[in-house]
Amino acid sequence: MFRLASLLYSLISTSFAGSLIIAVLVAGYGTIMPILVAAALGFVLAAPVSWYVARQIYN
């Protein structure tokens, strides 16, 4: 299940990070710090989501 979760993490994390970066840019924050925070937050939030999705697929 860890292999499935890690594969899903590579897809989910880029989607989350990209979505949050776009949200930050649309909100008007164009400097580097909000963009990096949004990207980091997307990568962190993707870990439990990918584990949950892998568990649902595996079961």
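Position 1 is the first residue of the sequence; numbering continues from there. This one's a predicted model, so the numbers in the text were calculated from it and none came from an experiment.
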Over all atoms of both residues, closest heavy-atom pair of Ala38 and Val24 = CB-CG2, 3.5 Å
Is there a donor-acceptor pair under 3.5 Å between the side chain of Tyr58 and the backbone N or O of Ala5?
-> no
If Ile, Leu, Val, Met, Phe, Trp and Tyr residues are connected whenever their side-chain heavy atoms lie under 4.5 Å apart, and connections chain through other members, are Leu41 and Phe43 in the same group?
-> no
Going hydrophobic residue to hydrophobic residue with side-chain gaps under 4.5 angstrom, can you get from Tyr9 over to Val49?
-> no
Smallest heavy-atom separation, Ser10 atom then Thr14 atom, equals O-OG1, 3.3 Å
Hey, quick one: are Phe16 and Ile57 part of the same hydrophobic cluster, counting side-chain heavy atoms closer than 4.5 Å, chains of contacts allowed?
-> yes
Atom of Met1, atom of Arg55 and distance for their closest heavy-atom approach = SD-CA, 3.8 Å
Trp51 CH2 to Leu8 CG distance, which is reported to the nearest 0.5 Å | 11.0 Å
Value rounded to 0.5 Å, distance of CD1 in Ile35 from CG in Leu20 | 12.0 Å
Quick one: closest heavy-atom pair of Ile21 and Ala39, and the distance?
-> CD1-CB, 3.8 Å
